[in-house]
There are 2 protein chains.
Amino acid sequence: MTLAASLPEGRPVVWERKTRAEELRLQLADEIVRGALFPGAPLDEITLADRFRVSRTPVREAIRLLAASGLVEVRAHRAAVVARPSAEQLAGMFEAMAELEALCSGFAAVRMTSVERRALEDIHDELRVMIQSGDPQRYHEVNEAFHSTIYTGAHNTYLAEITLSTRARVQPFRRAQFRNLGRLAKSHIEHDRVVQAILRGEQSIAASAIYTHIVTVRDEYETYTESL
Amino acid sequence: MTLAASLPEGRPVVWERKTRAEELRLQLADEIVRGALFPGAPLDEITLADRFRVSRTPVREAIRLLAASGLVEVRAHRAAVVARPSAEQLAGMFEAMAELEALCSGFAAVRMTSVERRALEDIHDELRVMIQSGDPQRYHEVNEAFHSTIYTGAHNTYLAEITLSTRARVQPFRRAQFRNLGRLAKSHIEHDRVVQAILRGEQSIAASAIYTHIVTVRDEYETYTESL
DNA sequence: GTAGTCCGAATTGCATACAATAGGCCAAAA
DNA sequence: TTTTGGCCTATTGTATGCAATTCGGACTAC
């Protein structure tokens, strides 16, 4: 599974993946959330056009679409840059993400089909095994699948969409946590509380469990940044 | 309402250093949420370019940005159309809106400054007076200000942003309610519960009060559509 | 009469040329 | 040396031409 598949940057803006602008949008979004393009990095239209062997037109379109989703910032007559939110904005995004994930988790607890519940368990088990393997990149991919499964299980397309979008937007600032391998085991324990609540259909417990999980993730990020 | 909208065909009065694409985006978004462009209406690039006296390029850009925000739907090599979500999608948006508004309202109850609380009261009072005047359009504008004040009062820029965006996206399907003037008085009573809770700093009550309000709005919409 | 296929007109997708503007560079004056 | 003002260049914003694709209508076969 590619990262792009596990972290779809929101609903496609152009369907039937055939336009170059849409491909570029996905590619650039992937590079931003993966950290290849770090916050503040300029997105020069000509340079990107050269790199992707296309004209400026589709590059421009891709950049604007990313700007609309919040991943990049554009100002008239100046180069677009990868979004670099302030500490306050980032705190707000984390808070919103915690609430949105809690909403999804709670709905998932009471709305997931038995097939979906089984799929969630499978992913959860896969993550357990991977704690040992110690492949942070791969763990991250499956972890995204775990959360996406919960969003889908909420059976509210729009809610899943904005939650996923929020997650993508915060992603460039969450990466650091997986450098700490000890974090993986703790993360799995938190996940376990979420899964148990969802499987039992306990809405409010599922919500609060994942809320706690997100808050912990945020705290890990803050601890990391303070150490710089 | 944008200034351009109120100027029939005149030359620009103020040369803002904004780009044409951005002007078009605001103009088209305004027409969509106001209902001048109804869901399903095609957005032909050449027609719009002709109408706004620009080339297709900025028109295209504006349309894509609107697509990214969900107000229009774009498919490759086909005309963009004003978004026409399915009944399920619309239900999901209403549900998400209710939850987001509840979040904002709850936060506002515990985070608003005294100045903000006063401003909210003022708008609320203004709405009370306007119940009598019976100007649905003007009532709608002040009503938007009421909700926006709560979003801002939540002191979370990102949350306010996605809540406002959700509201805009549902707006084309909420318009009908204000044709029923009797609805205005009921709406004000619901608002009153929200305002009282916020002023008293009662987070959960503020949240549930506005949740109820949004659910009622949704029910009004459903009643309206069923009557067609 | 109906269904299927192919062609043409119309529209979007992309490339390129041109216009406009922000920011840097340099010179001149304090 | 510092500051200020204007040009100059690099980059973005817009227009336009051409390529690619969709869709409707006509024609054919059954």
Side-chain angles (χ1 to χ4, degrees), chain A residues 9 11-29 31-32 37 39-84, chain B residues 2 4 9 11-29 31-32 37 39-84:
Chain A
E9 328 314 341
R11 137 193 58 74
V13 175
V14 176
W15 281 262
E16 299 170 17
R17 311 278 153 60
K18 276 194 290 193
T19 70
R20 299 181 195 281
E22 183 70 1
E23 288 173 15
L24 289 177
R25 177 182 149 267
L26 292 172
Q27 175 77 25
L28 290 174
E31 294 188 6
I32 291 173
L37 289 170
L43 297 172
D44 180 80
E45 293 181 3
I46 297 174
T47 303
L48 289 173
D50 263 2
R51 194 182 134 202
F52 291 110
R53 313 281 183 183
V54 295
S55 75
R56 281 177 50 216
T57 307
V59 171
R60 220 180 132 68
E61 190 169 310
I63 288 176
R64 298 316 171 95
L65 294 178
L66 292 171
S69 76
L71 280 178
V72 314
E73 297 165 359
V74 298
R75 292 192 298 172
H77 296 291
R78 262 169 276 182
V81 297
V82 178
R84 191 170 45 181
Chain B
T2 64
E9 190 167 328
R11 229 171 288 104
V13 177
V14 176
W15 276 266
E16 283 207 4
R17 279 294 151 235
K18 281 203 287 193
T19 65
R20 286 165 179 82
E22 181 67 5
E23 289 173 13
L24 290 177
R25 184 180 73 82
L26 294 173
Q27 174 78 24
L28 290 174
E31 294 188 5
I32 291 172
L37 289 171
L43 297 172
D44 180 79
E45 292 181 3
I46 296 174
T47 302
L48 289 173
D50 198 49
R51 188 181 140 203
F52 290 111
R53 303 282 202 264
V54 295
S55 75
R56 282 176 50 217
T57 307
V59 171
R60 232 182 118 69
E61 191 169 309
I63 288 176
R64 298 316 170 96
L65 293 178
L66 292 171
S69 74
L71 280 177
V72 314
E73 294 167 1
V74 173
R75 297 161 72 192
H77 293 102
R78 262 166 282 184
V81 298
V82 178
R84 192 170 46 180

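As the structure is a prediction and not an experimental result, all values here were calculated from the model.
One interatomic measurement links the two molecules: CG of A/Leu24 to C1' of C/dC14, which rounds to 11 Å at whole-angstrom precision.
Scanning for salt bridge (charged side-chain N to carboxylate O under 4.0 Å, His left out) contacts around A/Glu73 gives an empty result, with sequence neighbours left out. Checked against side-chain contact (heavy atoms from CB on, under 4.5 Å), B/Thr47 has the following partners two or more places apart in sequence or in another chain: B/Asp44. When the side-chain hydrogen bond (donor to acceptor under 3.5 Å, both in side chains) test is applied to B/Arg84, no partner is found at least two apart in sequence or on another chain. B/Arg20 is linked by a side-chain hydrogen bond (donor to acceptor under 3.5 Å, both in side chains) to nothing, counting only residues two or more places apart in sequence or in another chain. Listed by chain and number, the residues in a side-chain contact (heavy atoms from CB on, under 4.5 Å) with B/Ala41 are B/Phe38, B/Val82 (sequence neighbours excluded).
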With the criterion being N/O to N/O and under 3.5 Å, what pairs connect the protein with nucleotides 12-19 of chain D, and how long is each?
from	atom 1	to	atom 2	distance (Å)
D/dT12	O3'	A/His77	N	3.2
D/dG13	OP1	A/Arg64	NH2	3.3
D/dG13	OP1	A/His77	N	3.2
D/dG13	OP2	A/Arg60	NH1	2.3
D/dG13	OP2	A/Arg60	NH2	3.0
D/dG13	OP2	A/Arg64	NH2	2.4
D/dG13	N7	A/Arg56	NH2	2.9
D/dG13	O6	A/Arg56	NH1	3.1
D/dT14	OP1	B/Arg20	N	2.6
D/dA15	OP2	B/Ser55	N	2.7
D/dA15	OP2	B/Ser55	OG	2.6
D/dA15	O5'	B/Ser55	OG	3.3
D/dA15	N7	B/Thr57	OG1	2.7
D/dT16	O4	B/Thr57	OG1	3.3

